[in-house]
Protein chains: 2
Amino acid sequence: MASKIKPIKSVSLVEQVEQRILEFLKENRFKSGDSLPKEIELAENLGVSRNIVRESLSRLRMLGVVESKKRKGMIIAEPDILSGIERIMDPDLLGEEAMQHIFELRLVLEVGMSELLFIRKKDSDINNLQEIVEREANDPLCKTDLKTRLAYEIEFHSYLYKMSGNGTLNRFQSMLLPVFHYMMQQESKAAAKPVRGTISHKDLVETLRVGTAYEFRENMRNHLTPHFNKLS
Amino acid sequence: MASKIKPIKSVSLVEQVEQRILEFLKENRFKSGDSLPKEIELAENLGVSRNIVRESLSRLRMLGVVESKKRKGMIIAEPDILSGIERIMDPDLLGEEAMQHIFELRLVLEVGMSELLFIRKKDSDINNLQEIVEREANDPLCKTDLKTRLAYEIEFHSYLYKMSGNGTLNRFQSMLLPVFHYMMQQESKAAAKPVRGTISHKDLVETLRVGTAYEFRENMRNHLTPHFNKLS
DNA sequence: TAATTTTATATGTAGGACATGTTTTAAATA
DNA sequence: TATTTAAAACATGTCCTACATATAAAATTA
């Protein structure tokens, strides 16, 4: 066990101010649309320069907590929990461990998503999925070209996220794509055996149409078997 | 249908610079530990003031993409995909829709997580879970006090995330807690009938011990039934 | 009254100055 | 010479002032 020396509170001024402003907003139950004190007032009240306040606000602006208009000042907005992630979800920036975690997350989401799909599926959704599957089946490239197959794979699974009716989930999936791409490439390089589960996209659509959430969940688990087998 | 006038690219300088720096890092395959050009150089090369560069770097610093030391300059770090979310995951800041999405996300994760649990479970984990369950069963407060029951609920489910062996997932769950708390309070206020699934924590532990990932998944789905029933 | 112009103001951008704490270099001491 | 100590150099951190820009609000005009 490490005898960690001491963490000490050596957070930057900007970070402290950011926290103070966030606390201020929470404690005072600021609602979307309310207007914030202006930068100079914040700076004076906090006893720091306007620069520091601006850096803090810039961070909050990035997270979608506040929005600012030229003369009107700054107003509260509903933060976007994904905006921060969006910028850095890139294989060139993330570490191996993070990538692995995210890849696993995708598997977890798709298996766990079943219930939402059955609650919110519409006939048009099934038809659209059917159309994707047929296009995939009739595409001769699909047998030979890995890139083509990957494209259908993505199109199909992306549609499922959209069907979930959960916008956050849906956006999250679109961010996952680069990581997904990267991991698939690694896989195809390493093993050179693009094993596929015994359950196809076609089967999944059929289950969505006439099956149950429970069946779909297990079929999806089966469909993803090659990926699960890679875990340890 | 809206005839949206024009979005136009009216992004702030800070945002542009942030993007440019991120692109710069990606394109040049910067690795963790590499050092960035100094602020003044960035400012000169980009043709903006040092203030702008600093605001951009402040954002990247928040996301964990870079770290800075007094004289050494700034170095690349492995970004933390959750650091942005962490600050704003608060019922007082999030909107109703986001809260709903997050709550659903929790359900999806816990059902989908089963496979990871069975891949990574250890005997000590089972024993620890068993201990939690027994403590819960022997606590007389559990029958009457909703707060106590909620505490056990959280302790149990939190441990599952820890067991998943996925640090990202685990941290994410700890952030979810405030939202979870909030939603549970809303539920108990509205219906006043804390319905519980037919599968108890004890059952789940037993399934973890002697069952399969498939059984656990369905049992967890059952355990969460009251929450799923609230969805539409 | 309605349309137009002007004004006031809060944010956006720029650039200079100094503080702070490291790292390197140089000086001083043994 | 080797080691310790002090000085200088330097990048980030903080503060300040000034001005640009856009727009809500006020004043003016038709």
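Lettering of chains follows the sequences in order, A, B, ..., and the numbering in each one begins at 1.
For the pair A/Arg221 and A/Phe228, the cation-pi test (distance below 6.0 Å, angle within 45°) is passed.
Nucleotide D/dT12 holds its C1' atom 11 Å from the CZ atom of B/Arg71, rounded to whole Å. Atom CE in A/Met74 sits about 15 Å away from atom P in D/dT23, given to the nearest Å. Remark: P of C/dT9 and CG of A/Leu36 are 20 Å apart, rounded to the nearest angstrom. Going from atom CD of B/Glu39 over to atom P of C/dG16 covers 15 Å, rounded to whole Å. A/Lys69 has its NZ atom 14 Å from the P atom of D/dA25, to the nearest Å. A straight line from CG of B/Leu57 to P of D/dA11 spans 15 Å, rounded to a whole angstrom. The CD1 atom of B/Ile75 sits 12 Å away from the P atom of D/dT12 (whole-angstrom rounding). Atom P of nucleotide D/dC15 and atom CD of A/Glu55 are separated by 11 Å, given to the nearest angstrom.
Distance from the side chain of A/Val14 is smallest to D/dT14 among D/dT14, D/dC15, C/dA14. Out of C/dT11, D/dT12, D/dC16, the shortest distance to the side chain of A/Lys70 is found at C/dT11. Here the nucleotide nearest the side chain of B/Arg50, chosen from C/dG21, C/dA17, C/dA14, is C/dA17.
By the 4.5 Å heavy-atom criterion applied to side chains, A/Arg59 and B/Arg87 are counted as neighbours. Between A/Leu93 and B/Leu22, the closest side-chain pair of non-hydrogen atoms falls below 4.5 Å.
Note on A/Leu13: only backbone sugar-phosphate atoms sit closer than 4.0 angstrom, heavy atoms only; bases stay farther off.
A sub-4.0 Å separation between OP1 or OP2 of D/dA11 and a side-chain N or O of B/Lys72 is absent. Neither OP1 nor OP2 of D/dC15 sits under 4.0 Å from any side-chain N or O of A/Arg54. Contact annotation: A/Ser68 reaches the phosphate of C/dG12 (side-chain N/O to OP1 or OP2, under 4.0 Å).
Taking the six-membered ring for Trp and thresholds of 30 and 60 degrees, A/His201 and A/Phe156 have nearly parallel ring planes, at less than 30 degrees apart. Aromatic ring pairs are classed by plane angle as parallel below 30°, tilted from 30° to 60° and perpendicular above 60°; the pair B/Phe103 and B/Phe180 is parallel.
When each of B/Asn51 and B/Lys38 is assigned the nucleotide of DNA chain D with its nearest heavy atom, B/Lys38 is the one assigned upstream, toward the 5' end.
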